[in-house]
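What follows is one structure encoded as structure tokens, with my remarks underneath.
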Amino acid sequence: MNLSIVNLASIAVFLSVFLFPSFNSTYWLKWRASLIPSTKFGADLIVKNGVIFTSDPSFPFANSMAIRDGRILRIGNYSSLQDLSGYGTKELNLEGKVVVPGFIDSHVHLISAGLQMARVQLKGVNRKDEVVRRVKESVLNAKRGSWILGGGWNNDLWGGELPMASWIDEVTPDNPVWLTRMDGHMGLANSVALKLAGVTNLTKDPNGGKIMQTADGEPTGLLIDAAMELILSWIPEVSVDERREAMLRASSFALTRGVTTVVDVGRYFPGSSVEHSWQDFSDVYQWADSSGKMKIRVCLFFPMGTWSRLHGVVHRAGRALSNWIYLGGVKAFADGSLGSNSALFHEPYFDDPHNYGLQVLEFKSLFNMTIASDMSGLQVAIHAIGDKANDLILDMYESVALKNGKRDRRFRIEHAQHLAPGTADRFGQQGIVASVQPDHLLDDADAAIRKLGVDRAQKGSYLFRSLLSSNALLALGSDWPVTSTYPLHAIRTAMNRIPPGWDTAWIPSERLSLNDALIAHTISAAWACFLENEIGSLSTGKLADFVILSSDSWDEFATGGSTSVNATYVGGIQAYP
């Protein structure tokens with residue numbers, strides 16, 4: 001301690017005791033404390049008087065925690081933290097509120113979500129005329145010739161009829177239009193866009209894609225999976241500023257939902273450029289990190305075709321570029337989606353008897369890239385929705401593990417929506433991460449029964465409990481912007497499984513408990529991307545990311561469906577509101 005400060009304090013003691021005995025002791029103590037620096041062992045913040053769910057099975061609940069330098073210093077009862085309270089320590093009285101670890105959304109397209117927030121919004125639209133009205137409204141505010149972009153439409157909401165270019169041609173005579181389906185595996189182009197891209201009745205289906213046609217062989221305007229590249233290649237690239245704004249916009253929204261970390265699988269879809277993810281990495285994420293603008297933590301996955309580039313970056317810089325940016329691994333696609341009739345199944349679609357779905361990437365190519373990615377030490381995640389796609393990937397993962405040898409690899413399957421009998425057990429046996437999105441089942445329940453038939457849909461769809469019982473690592477996410485990032489809602493969906501318009505649960509035996517669902521959105525989600533030592537639970541040494549809920553007791557949270565986010569803290573600092 002600085003000697004002059006000690007001498008000054010000693011003189012003050014002498015004066016106050018011997019010369020000014022009536023000097024107010026409270027002011028004296030405050031003044032003395034201001035001269036002495038706070039101990040380096042003290043806490044910056046003590047959060048007290050709450051119901052803190054830690055996601056740590058060895059110590060599931062606490063009522064207080066101490067935080068210093070953005071990490072949890074100690075957690076337990078308030079009395080056990082008293083020695084950490086010093087001058088400068090702030091206290092936050094929770095007044096009995098429930099606190100949970102910051103939610104991890106295990107599957108998002110963050111920049112795409114932010115971009116979509118500023119485009120034509122078609123999510124939830126259940127009438128053809130409303131689709132047309134919203135597109136027309138956007139055209140009125142756009143320059144002639146500029147692209148009208150948007151998405152989120154779900155044809156199941158208006159009875160299943162697929163949209164056509166003719167729906168919107170009349171209101172878009174001078175503007176090309178591209179509107180993606182909610183799942184991102186199908187899009188609608190108007191006639192201006194089709195003409196610009198040269199898509200005609202003579203255009204052949206690309207590998208891994210399909211151009212929908214009328215009975216006369218004319219393109220309807222719908223393109224599926226790899227065929228979307230025919231249009232996407234003509235859409236001007238989004239500017240750097242737009243992408244930066246989109247990331248910040250999406251991050252701010254995520255905080256309102258209690259999300260403090262996302263696994264961002266990027267803007268890459270079948271038919272889009274693999275460069276998008278790398279451009280976003282340098283132009284957006286590294287820019288935001290270096291300029292202090294990051295709001296949430298991100299774990300980034302890149303297109304598998306670029307595995308060697310990612311390996312080089314990890315070799316030079318490691319996986320943790322900062323407390324904000326982590327390099328996760330590589331991602332590929334095995335099939336499409338149920339809603340687009342492009343998910344790959346062992347049996348044909350019930351409503352399309354000659355269609356088994358699409359294998360988006362040729363198997364040998366996928367296998368070779370997976371071997372190379374895994375051999376280089378990267379984590380591998382593959383999109384698989386149909387039962388055949390899941391079986392193909394499980395078979396491939398098993399072969400790769402045998403060839404490359406034993407290690408902690410945590411292979412991921414993204415979605416794992418529809419599984420053949422016995423397949424759920426294989427996830428646990430092989431140690432596979434099942435990265436699932438509960439809120440998808442709300443949109444898929446009726447569609448799955450119509451497309452797969454009652455028996456297949458009932459036996460193999462969204463098998464959360466079966467996967468967990470097989471000892472698979474279950475990680476919950478949203479697939480935002482397919483569905484909005486909203487962990488509290490996803491948790492309730494996983495617990496209840498009641499689709500809109502239904503009175504009973506869809507496959508009630510597959511429901512999760514509150515504890516299981518919370519774990520899957522926190523510590524299990526952290527394990528699923530190798531971040532369990534940094535985030536996912538409220539325990540000593542972890543980053544202090546937590547969410548204060550509106551519930552006044554655990555019982556209220558467990559039984560009520562109206563719980564909301566009161567505040568979100570990232571690194572011990574209030575980030576929302």
Side-chain angles (χ1 to χ4, degrees), residues 107-109 112-113 116 122-123 151-157 160-163 178-188 205-212 222-229 231-232 265-272 331-352 355-361 366 381-393 412-419 434-452 456-457 460-462 477-484 499:
H107 187 114
V108 306
H109 308 269
S112 295
Q116 181 57 44
L122 297 176
K123 183 173 177 59
W153 57 267
N154 179 5
N155 51 298
D156 293 320
L157 296 182
E161 179 187 2
L162 289 170
W178 178 247
L179 307 170
T180 55
R181 192 179 188 276
M182 58 173 292
D183 52 27
H185 290 268
M186 178 189 285
L188 174 68
D205 289 339
N207 290 331
K210 184 174 180 59
I211 303 167
M212 298 293 286
L222 288 173
L223 297 98
I224 299 174
D225 287 314
M228 296 191 295
E229 169 64 13
I231 296 294
L232 293 175
V265 294
R267 290 192 293 141
Y268 174 68
F269 286 94
S272 65
K331 185 199 173 204
F333 289 82
D335 66 347
S337 71
L338 180 74
S340 301
N341 279 30
S342 57
L344 187 63
F345 287 93
H346 289 291
E347 299 178 36
Y349 282 82
F350 188 76
D351 63 345
D352 191 1
N355 180 21
Y356 291 79
L358 288 173
Q359 187 170 322
V360 172
L361 192 60
L366 181 60
I382 298 179
H383 163 119
I385 287 181
D387 56 13
K388 185 174 181 179
N390 277 276
D391 285 341
L392 282 171
I393 300 309
R412 294 170 62 115
I413 289 184
E414 305 299 315
H415 310 304
Q417 284 180 196
H418 305 284
L419 305 179
S435 171
V436 301
Q437 299 76 40
D439 280 344
H440 280 359
L441 74 83
L442 301 179
D443 295 308
D444 274 359
D446 292 323
I449 292 170
R450 185 174 65 253
K451 293 173 181 291
L452 305 180
R456 283 166 64 193
S461 302
Y462 295 91
S478 66
D479 203 7
W480 191 31
V482 177
T483 60
S484 182

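In this text, all values refer to a predicted model and were calculated from it rather than measured experimentally.
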* **Residues which pass side chain to side chain donor-acceptor pair (under 3.5 Å) with T180, listed by chain and number, not counting sequence neighbours** => none
* **side chain to side chain donor-acceptor pair (under 3.5 Å) involving D391 - partner list, sequence neighbours excluded** =>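 Residues passing side chain to side chain donor-acceptor pair (under 3.5 Å) with D391: H346, T423.
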Rounded distance [0.5 Å steps], [atom1] in [X] versus [atom2] in [Y]:
X	Y	atom1	atom2	result
M186	D225	CE	CG	8.5 Å
L419	I413	CG	CD1	8.0 Å
L188	L162	CG	CG	9.5 Å
I382	S435	CD1	OG	13.0 Å
I449	D351	CD1	CG	12.5 Å

* **H107 ring center within less than 6.0 Å of H440 ring center** =>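 Ring centroids of H440 and H107 are no less than 6.0 Å from each other.
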Is a side-chain donor-acceptor pair under 3.5 Å present for [Y] with [X]?
X	Y	result
Q417	Y462	yes
H418	D387	no
T483	D439	no

* State, to 0.1 Å, how close H185 and G336 come at their nearest heavy-atom pair, and which atoms those are. => ND1-CA, 3.6 Å
* Taking all non-hydrogen atoms of both residues, which atom of D335 and which atom of I385 are closest, and how far apart? -> OD1-N, 3.1 Å
Taking [Y]'s backbone N and O only, do any of them form a donor-acceptor pair with [X]'s side chain (distance below 3.5 Å, no angle check)?
X	Y	value
H109	G266	yes
N154	D443	no
W178	I231	no

* When the ring planes of H383 and F333 are compared, do they come out parallel, tilted or perpendicular, using 30° and 60° as the limits? ->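 Tilted.
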